[in-house]
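Each ligand, and each atom within it, is numbered from 1 in the order the structure gives.
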Amino acid sequence: MNLLCSINDFNEAKQVIVGGVNSPVRAFKSVGGSPVFIQKGQGYELIDVDNNHYIDFVQSWGPLIFGHCDKDIESVVMDAIKEGLSFGAPTEKETELAKMIIKMYEGIDKIRFVSSGTEAVMSALRLARAYSKRDDILKFDGCYHGHSDSLLVNAGSGCATFGAPSSPGVPEDLSKHTFVARYNDIESVQECFKKGNIGCVIIEPIAGNMGLVPADIEFLKALREICNAYDAVLIFDEVMSGFRAGINGIQAYCDIVPDLFTFGKVIGGGMPMAAFGGKEEIMKLLSPSGSVYQAGTLSGNPVAVSAGLAALCKIEQNPHIYQEMEKLALRLTEGLKKLAKENNIALQTCVRGSMFGFFFNEGVVKNFDDAKKSDTEMFARFHQAMLHKGVYFACSQFETGFICTPMNEEVIDKVLNRADEVFKEIQ
Ligand SMILES: *Cc1c(COP(=O)(O)O)cnc(C)c1O
């Protein structure tokens with residue numbers, strides 16, 4: 001496979017853009033090699049600047065549930081563009097999109113739209129702190145909630161205490177207020193509640209940012225109970241899993257209702273869109289009805305809202321797509337597992353709706369400590385080899401894969417055939 005144009009493009013980009021990319025994971029650092037520069041997308045395919053075609057399991061890191069250039073979304077966006085790119089004033093479409101989300105999810109009275117998942121989570125957190133009147137928050141090791149200061153915090157010396165900044169520039173004074181517990185471990189949560197004055201717990205109920213690691217339903221139940229007992233606000237960050245793991249994300253798997261939700265990715269249909277929402281008594285504290293400040297020049301942008309609305313309308317009209325995508329995800333992961341086994345490679349797999357994950361790992365993965373035991377060098381070899389055979393997986397062991405509706409069994413079987421060759425090469 002010829003990647004000359006991509007390599008040239010990357011070198012040129014590095015002259016003017018930090019690291020050559022506008023989001024670090026795109027640089028392929030953890031798998032080596034040079035990132036592929038994209039010319040265009042088409043259904044389930046990506047086409048790079050050297051005209052190589054790839055079966056795309058990244059789908060823009062989740063948003064593109066209907067694949068690239070979906071005709072229905074595209075035509076709605078074209079129409080919206082002709083009426084103006086931005087007004088900084090309310091439109092009817094925003095209300096329509098809010099109604100749609102509220103109808104699909106239980107436990108959302110009010111919503112506010114923003115432009116990125118980071119913003120949604122940062123704002124939800126501010127609101128939760130204002131409501132609980134407590135500064136300490138609790139997050140889980142391995143969960144990602146965007147890059148706001150309070151959440152760029154690691155377990156540091158270990159779980160079940162306050163964390164350490166995971167990036168220079170994050171004040172330690174701030175990270176002291178972020179406690180870090182172990183995913184799927186309720187005792188570590190109890191410990192944090194004893195040590196801190198925690199007013200808010202945030203979790204990816206289906207974690208997709210340490211690889212795919214769903215929370216046990218019993219664990220989520222216990223989390224809801226402990227938040228009730230301490231009067232702490234429970235936030236489900238469904239920026240990735242919302243409208244992806246199922247039509248209503250985690251609620252397709254259990255009936256636990258958090259106090260606040262955050263959404264992003266799919267609700268923008270590929271445009272910059274995100275939202276947070278939840279209980280009236282909390283949401284009403286938000287400006288202008290309350291005094292918790294939050295704003296955005298491009299929040300609820302009419303083109304982005306149109307794209308999101310088109311995507312969610314299509315989802316609502318075709319709820320069967322989740323079962324169909326789950327079938328394909330299982331065909332892929334079961335197939336990979338079988339082929340890996342034939343080549344004496346240990347592989348752990350997981351599927352939730354259109355989301356799938358696989359770890360080169362001997363043991364079952366329930367938390368980030370388990371995930372970190374994976375063979376990342378094996379993953380890097382697998383990633384490179386698959387890329388060269390025209391299969392585009394996320395460029396890290398600790399990411400989730402995504403099925404889109406244009407995929408079918410034939411596509412999955414093509415991928416499995418190539419994986420068979422690759423496992424033989426890399427074992
Ligand atoms: C992607 C993601 C975010 C951040 O969203 P951005 O739009 O990249 O800022 C937050 N939380 C979760 C769970 C995510 O997957």
Between the side chains of [X] and [Y], does any donor sit under 3.5 Å from an acceptor?
X      : Y      : answer
Glu92  : Thr95  : no
Glu94  : Thr91  : yes
Lys139 : Thr178 : no

Table of N or O contacts for ligand 1, cutoff 3.5 Å:
from     : atom 1 : to     : atom 2 : distance (Å)
ligand 1 : 5 (O)  : Gly117 : N      : 3.4
ligand 1 : 7 (O)  : Gly117 : N      : 2.8
ligand 1 : 9 (O)  : Gly117 : N      : 3.4
ligand 1 : 9 (O)  : Thr118 : N      : 2.8
ligand 1 : 9 (O)  : Thr118 : OG1    : 2.7
ligand 1 : 11 (N) : Tyr144 : O      : 3.4
ligand 1 : 11 (N) : Asp237 : OD1    : 3.4
ligand 1 : 11 (N) : Asp237 : OD2    : 2.7
ligand 1 : 15 (O) : Asn209 : ND2    : 3.1
ligand 1 : 15 (O) : Lys265 : NZ     : 2.7

> Which residues satisfy the side-chain hydrogen bond (donor to acceptor under 3.5 Å, both in side chains) test with Asn228, sequence neighbours excluded?
Replying inline: Arg224
> What residues form a salt bridge (Lys or Arg N to Asp or Glu O under 4.0 Å) with Lys314, not counting sequence neighbours?
Replying inline: Asp70, Asp72
Going by atom type alone, with no hydrogens or angles, which donor-acceptor pairs under 3.5 Å involve a side-chain atom of residues 21-43 and a protein atom two or more places apart or on another chain?
from  : atom 1 : to     : atom 2 : distance (Å)
Ser30 : OG     : Cys395 : O      : 2.9
Gln39 : NE2    : Asp48  : O      : 3.0
Gln39 : NE2    : Asn51  : OD1    : 3.3

